[in-house]
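These notes are about the structure you will find just below.
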Amino acid sequence: MKEILMVFLALLLAGGISSAGAQESAPPPDTGTLVVTPAPAPPAPVTNLNAKDKPNDHGAGVVVTWTPSADDVVGSTRVFGYAILRAATPEGPFLERGKVPIGEGVFEDQGSLDEVSPDYMADHVDYYYKVRVISPDTTVYADSEIFGPVQCFGQWFNTNKLPVLIFVLCFTTLAIFFITHARRGAELYIRPLAGIEAVDEAIGRATEMGRPILYVLGLGTAAEIATIASFTILGRVAKKVAEYQTGIIVPCYDPIVMTVAQETVKASYLDAGRPDAYNEDMVYFVTQSQFAYVAAVNGTMLRELPATNIYMGKFFAESLILAETGALAGSIQIAGTDEVAQIPFFVVACDYTLIGEELYAASAYLGREPVLLGSLKAQDYAKAAIMIMAVIGFVAAIVGWDWYVNLFNVPSN
Amino acid sequence: MNIFERMMSVDRRWVFLFLALVCVITYKVDFPVEVRVTEEVRKIHNFIDTLKPGDYIFVAIDYDPNSLAELHPMTYAIVEQAWRKNLKIVFTALSQNGPGMADQAIRDISDSLRLPKTYNGVTYPARDIVNGIDYIFLGYKPYPALVIAGMGQNFRLPFPTDYYGTPLDSLPMMRGIQNYNQMKCVVDISGTSGIDMWIAYGQTRYGFPLALGLTGVMAADYYPYLNSGQVFGMMGGILGAAQYEKLAQNPGNALDMMRIQLYAHMVIILFIIIGNIGFLVSRRAKNQ
Amino acid sequence: MKRQIPLALVFIFGVILIIQYFVPHEKSEWIFEFLMDWIYIIGIFALALGIWSLIRVSWDKIRLRRENWQYSVVALLGLTAMIFFGFDYFRNFFNAAGLQNFMFRHFFDYVMIPIQSTMFSLLAFFIASASYRAFRARSLLASLLLLAALIVMIRFNPYFGPLTAYLEQTASWLLNVPNLAAKRAIVIGVGLGIVATALKVILGIERAYLGKD
């Protein structure tokens, strides 16, 4: 009995050993066991984080700068970009203000001064910043040290515009000097302007032929300098027209220009002692549509057959249509515009042309008033100064004096 | 009057008639004309091409029907390229009849986007363009200088509502969009001095990348701004529009009009040569 | 007083806006925005003045049967029709329907656009006749101008074969060097003229816009 039990136990033991051995040699079954691989190391954080108020702005702007991560090198796949985070306290919560790509080390946090805007950023309030280096795996990142507090506020002077201010002050001083000089009786020479000298002759021609003068103020508004210069010339022309008892037709493109032109012509007739001859319909509004205006003026030219056409002001694509139609009608034509693109068309089709600033000089030329002549002289001296500075700049660019070129650089905000 | 004197004083009506005939014939007879692309046009195309879906651009349609022939093709080419790339566009029209031009362009281009197309090897699926999601149209306000400067602060300043009367804040596309800072670039397509205002009151003040589309006669005036970097690209007239259509592989009216323009130029040159031959021979005869 | 008040206003607001240009602060921006709103208001009133002037002049021509009074009838009919169709009668009368109105859009697309395009197309013919008349080799300078014009016109002409590349380079040089130099000079002069005239207006030296002294 004992021997049988021993054999049975031995058999059991052998079976267990063999099955255990069989288990060790077969590959382990697939049980879905979680394999944990070590997490990638976060990229190196940025260093030298700095934040300061954005200069030369109206407020609600902070410029954040940093030295890019040491892992932000060519060929590296550890850095995807940078996120800039801001909070009102060092403890947070930090909210993302923007992202910049790799290689960048500056970010402008521009908010809004509008209190109802979701982007509202108050002035004179502490803000804290940190920069997060983002890797391709968004769960892996590195935050920099927190920088702050920094406050934003609006500036009272835009230092970028200092060159402009210096120029304006210098020019104003020059103008005032020459105006004072002229008022004291100094003779200021202006070279002859053929176009303006021809105005008197043209008005005389119109009187002899018994035909009116057509004066076109251009397509500018009353705020344009060319139109303002044109009002002055219109005043002189209207006075002469009133004296010679010729007719004048002034079709206007802009309603405000029309009201000013009416006042100007009326005043000129009054000055000439012929208020009764003034008729409000001499100066009328046509339309504010460019080519509809041209069609109307062309129709007037071909019906009224004015002896003289005077175009002074701002003109655009319609300039050649006006001038050619005037040539067809057989009128003498005097033009003046500061629109550089239209000057060639007027030169080709008109008898006399005032180019660019000659239009502005016309008012001084016609009246010969000291104050006007003085400002013209100031322009001439300013141009001379610009020419000298341009020649120096030409030399500076060759020699490599960047500081000189940068003196005249006016960066935008 | 001998033949040379006649050559010198051809009645302008013959010039008009001959030019008209050549324009009509070249319009009717279809043949391709080679167009060489210039750097200033390529820069605009490449800039738009590298933008990502969801980026915003600003397109100012500042021209009237009189400049339609030159400027509409470039508007169509740029806007179609932008919408195919799923860019979002803020339109404005700072000329009096500009809203009509913009409205027509938006309708036509939206229709063309309902068909899938392949440009430069990329197939773009058909899609619907939705106001408030793909574009907004701000409309027209007078005094463009002030409007341009005002938009630099906030679009809502001159335009509290869009052209159709919807408050800007209720348009999904305008959430978080304040001013030019959120625009990748501004493209001003204009036939007037509005361009000077965009440069003076817009680009100089706010520093955004500015590209221009302008009529051929104005193009020569704006090279200074291109050279100084204030403007990064420029399309001048039909030629500029044709170059853009060629780059975008989206042939339209501009490429057709190039052949008319080419032959019209040749007619003008022919008359200039005729006039000069007559003038020189007559002068020599007089001197003798 | 009739002249003193406008002169004072021009001076005050001129100086304010000059200072505003240099001050980026929020308060300065508020002033700019405030003044901008006023300019819109003044502009709209001025537009009403202009429309009144047009109606009055046209009506007088029709009433007195002056020469070509029929054109004034067309002008008034056009003005009335566009205003009539511009209102939004179905949703809100006081809203402008503008291009969303069927008739308004049709007038715009099929009348306005063709007419304006036609006017602009006149330029092509006028350029041809003006060029024929003006580009004559009267002197050395005129001959140079003629040559430059011809080169720029034919620079993109593909029919000149191997010459096209040289023509293009020459035309680019002409546009980017002498043309640019001359234009920059004119622009600088114009810029100075604008500053001087603006200064004269602000200081009250230039008063032509005010009328009689």
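Order of the sequence lines fixes the chain letters, A, B, ..., with proteins taken first and strands second; residue numbering starts at 1 for each chain.
Residues C/Y132 and C/I127 have side chains not in contact (no heavy-atom distance under 4.5 Å, counting atoms from C-beta outward). In this structure, B/F159 and B/M151 have side chains that are in contact, with non-hydrogen atoms separated by less than 4.5 Å. Residues C/W173 and C/P178 have side chains in contact (heavy-atom distance under 4.5 Å, counting atoms from C-beta outward). At a threshold of 4.5 Å between non-hydrogen side-chain atoms, the residues B/V15 and C/F125 do not count as touching. Between B/I269 and C/L150, the closest side-chain pair of non-hydrogen atoms falls below 4.5 Å.
Looking only at heavy-atom pairs under 4.5 Å with chain C, the residue among B/I273, B/I268, B/V10, B/D64 that has the most is B/V10. Heavy-atom pairs under 4.5 Å with chain B were tallied for C/M153, C/R105, C/E168; the largest tally goes to C/R105. Interface check for chain C: of the options B/M101, B/M258, B/K141, the most heavy-atom pairs under 4.5 Å are formed by B/M101.
Using non-hydrogen atoms only and a strict 4.5 Å limit, the part of residues 134-143 of chain C facing chain B consists of C/F135, C/R136, C/A137, C/R138. Residues of residues 109-117 of chain C placed with any heavy atom under 4.5 Å of a heavy atom in chain B are listed by number as C/D109, C/M112, C/I113, C/Q116, C/S117. Interface residues of residues 183-202 of chain C toward chain B, defined by a heavy-atom distance below 4.5 Å and sorted by number: C/K183, C/R184. Within residues 28-39 of chain C, the residues having any heavy atom under 4.5 Å from a heavy atom of chain B are, by residue number, C/E29, C/F32, C/E33, C/M36, C/I39.
Panel note: side chain B/T92, backbone B/G139; a donor-acceptor pair is recorded below 3.5 Å. Listed for the B/T166 side chain is no donor-acceptor partner under 3.5 Å among the backbone atoms of B/D162. Not one N or O on the side chain of C/N179 forms a donor-acceptor pair closer than 3.5 Å with the backbone of C/L174.
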Hey, mind stepping through C/R56 and C/W59 against side chain to side chain contact (heavy atoms under 4.5 Å, CB included) and telling me if it holds?
CA-CA 5 Å; C/R56 203 195 61 229; C/W59 182 249; 5.9 Å; no

Under the criterion side chain to side chain contact (heavy atoms under 4.5 Å, CB included), I'd like the reasoning laid out for B/D62 against B/Y140: C-alpha separation, chi angles, the key distance, then a yes or no.
CA-CA 9 Å; B/D62 298 341; B/Y140 165 76; over 6 Å; no

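Considering all non-hydrogen atoms of both residues, C/R133 and B/R12 come closest at NH1-NH2, 3.0 Å. Counting all heavy atoms, side chain and backbone alike, B/M7 lies closest to B/I274 at CE-O, 3.6 Å.
Aromatic ring centres of C/F107 and C/F104 lie farther apart than the 6.0 Å criterion allows. A distance below 6.0 Å separates the ring centres of B/H72 and B/Y63.
Relative ring orientation between B/F91 and B/F137 is described as perpendicular, the plane-to-plane angle rising above 60° on a 0-90° scale split at 30° and 60°. Taking the six-membered ring for Trp and thresholds of 30 and 60 degrees, B/F18 and B/F271 have ring planes more than 60 degrees apart, a perpendicular arrangement.
Between B/R107 and B/D103 there is a salt bridge, with a side-chain nitrogen of the basic residue lying less than 4.0 Å from a carboxylate oxygen of the acidic one.
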